[in-house]
2 protein chains.
Amino acid sequence: MPPRPPGRPPLDRATVLAAAVQLADAEGVDAISMRHLADALDVVPMALYKHVGGKDDLLDGMVEAVLREIPGQAREGDWKAQVRAAILAARRAIGEHPWARRAIETRTVRSPAVLAHMECLVQHFLRGGLSVDLTHHVMHALGNRIWGFSPELFPEGSPAPDGARRTTASPDPGDYPGILAISADARARRPGASACDEDYEFTFALDLMLDAVERLHTAGWSSGPTRL
Amino acid sequence: MPPRPPGRPPLDRATVLAAAVQLADAEGVDAISMRHLADALDVVPMALYKHVGGKDDLLDGMVEAVLREIPGQAREGDWKAQVRAAILAARRAIGEHPWARRAIETRTVRSPAVLAHMECLVQHFLRGGLSVDLTHHVMHALGNRIWGFSPELFPEGSPAPDGARRTTASPDPGDYPGILAISADARARRPGASACDEDYEFTFALDLMLDAVERLHTAGWSSGPTRL
DNA sequence: ACCTGAACACCGTTCAAGT
DNA sequence: ACCTGAACACCGTTCAAGT
């Protein structure tokens, strides 16, 4: 039999990563294993190791591939508008690949595309006149919000327990009147929709943050105490 | 031979969870496997399934055990002080178990101790006079910060690459002057220390957030547009 | 009740070999 | 160069059995 089925060109890193992204899109990150991916590529698992350092490198490469889809933004408006635009661009790119959220949170970042996005934001702040020090703190303050997502606080449907069998008894909603009030209110406010408008929550938090930074900056912020 | 070594009382859930927490403290979360944990308890893996629903339930239980260490706080000061105190208490509890950060981010939360902490914060806000709606948005705005940590932006040592073999070339620091400036500045500012004072970054972000919320609240905030 | 043994269907990764 | 086979040391979880 032929060394590779006739029509199949040899693998390369880009092909492997693209297939992995597609597989994760279709079946979720948990479906990403060297063996499963190899199957999808019609290849033996070990063939992948020629193109990808191992599973960690594969995942980094997948995040990399997604982040490379972030388009460049026009340099218009003040630093706040530019930061906002860059973050929302990242949000759109990542939104296509829901698994990428967790992957970014999990991975020990600093691949080129990751650094490029952070560098882009840092430069918006610095060009806007923020001090290096303030910029540093603000990057931390934004946290994962720089990627266009906030951590999921109420993972799909507030306090109601799901089907997962667990030894601990499922919680009694009556024990959490505050949380209950919040989700009832949110549901009442948007009849027929899911309890939580993720886009709204995200921009609310982002704008809150950016406004607070602007206030600090224009007030001539300089490194302060604020210790634990 | 005896059914169990003489001195050993039968396992129960609390014992299993405590052993798991201890194992994770000592060897990291990656060391947590049913088999490894069973070894540590001198028991066959399947024995654990009598006390713990499975690996997911084990991890939820571990987080639960850590969060139960959060002490109750005195109800003094305004809502801002109370929220701050509750969050810093969570921070201290989780700080003892570094693996718990990632576990909380990863887990699909809503176990009783998780809900209890959120409920506590929600009630501080509501008792402080914030609307249910504002409280909801603010909980999202705080995000994982409610647990006393912010996501790691620069995972130990900024743009320098680590030893992990990867196919992609390690990034050139010259490509990221902004990030470089930030970490150089941070290092210069705290000679001899690590580039980043995590406590400072955390409180900076937390206070920025709480101040912004207070400003919104006293300005009579009511649900606004802020769409994407 | 609580624990065990053997088994199933998976993992990531190595090494030496094939073409 | 690029891919394969066989093997190693792991996983979580099931089921039927032991005491």
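Below, chains carry the letters A, B, ... as their sequence lines are ordered, and counting in each starts from 1. Computed from a prediction, not measured in an experiment: that's the story for all the values here.
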Donor-acceptor check, side chain of [X] to backbone of [Y], threshold 3.5 angstrom: yes or no?
X	Y	value
A/H137	B/Y200	no
B/E119	A/I179	yes
A/E27	A/D25	no

Among [options], find the nucleotide with the atom closest to the side chain of [X].
X	options	result
A/P10	D/dC3, C/dC2, D/dT4	D/dC3
B/V43	C/dT4, D/dT13, D/dC3	C/dT4
A/V44	C/dC3, D/dC15, D/dG5	D/dG5
B/A47	D/dC11, C/dC3, C/dG5	C/dC3

Expressed in angstrom and rounded to an integer, what is the separation of [X] atom [atom1] from [N] atom [atom2]?
X	N	atom1	atom2	value
B/M34	C/dC11	CE	C1'	17 Å
A/H36	C/dG12	NE2	C1'	16 Å
A/D42	D/dT4	CG	P	9 Å
B/L37	D/dG12	CG	C1'	13 Å
A/D12	D/dC3	CG	P	9 Å
B/D39	D/dA9	CG	P	15 Å
A/K50	C/dT19	NZ	C1'	13 Å
A/D30	C/dC11	CG	C1'	13 Å

Tell me whether the OP1 or OP2 atom of [N] has a side-chain N or O from [X] closer than 4.0 Å.
X	N	value
A/K55	C/dG12	yes
A/Y49	C/dT13	yes
A/H51	D/dC3	yes

Which nucleotide, if any, forms a Watson-Crick or G-U wobble pair with C/dT19, using both distances under 3.5 Å?
D/dA1
Strictly by Watson-Crick or wobble contacts shorter than 3.5 Å, is anything paired with D/dC8, and which nucleotide is it?
C/dG12
To the nearest 0.5 angstrom, please state how far the CD1 atom of B/I32 sits from the CH2 atom of B/W99.
7.5 Å
Using heavy atoms to find the nearest nucleotide of DNA chain C for A/P45 and B/R35 separately, return the residue whose nucleotide is more 5′.
B/R35
From the list A/L59, A/D60, A/L67, side-chain contact (heavy atoms from CB on, under 4.5 Å) partner of A/V63 resolves to A/L67
For the P atoms, the ones on D/dC10 and on C/dA9, what distance do you get once it is rounded to whole angstrom?
22 Å
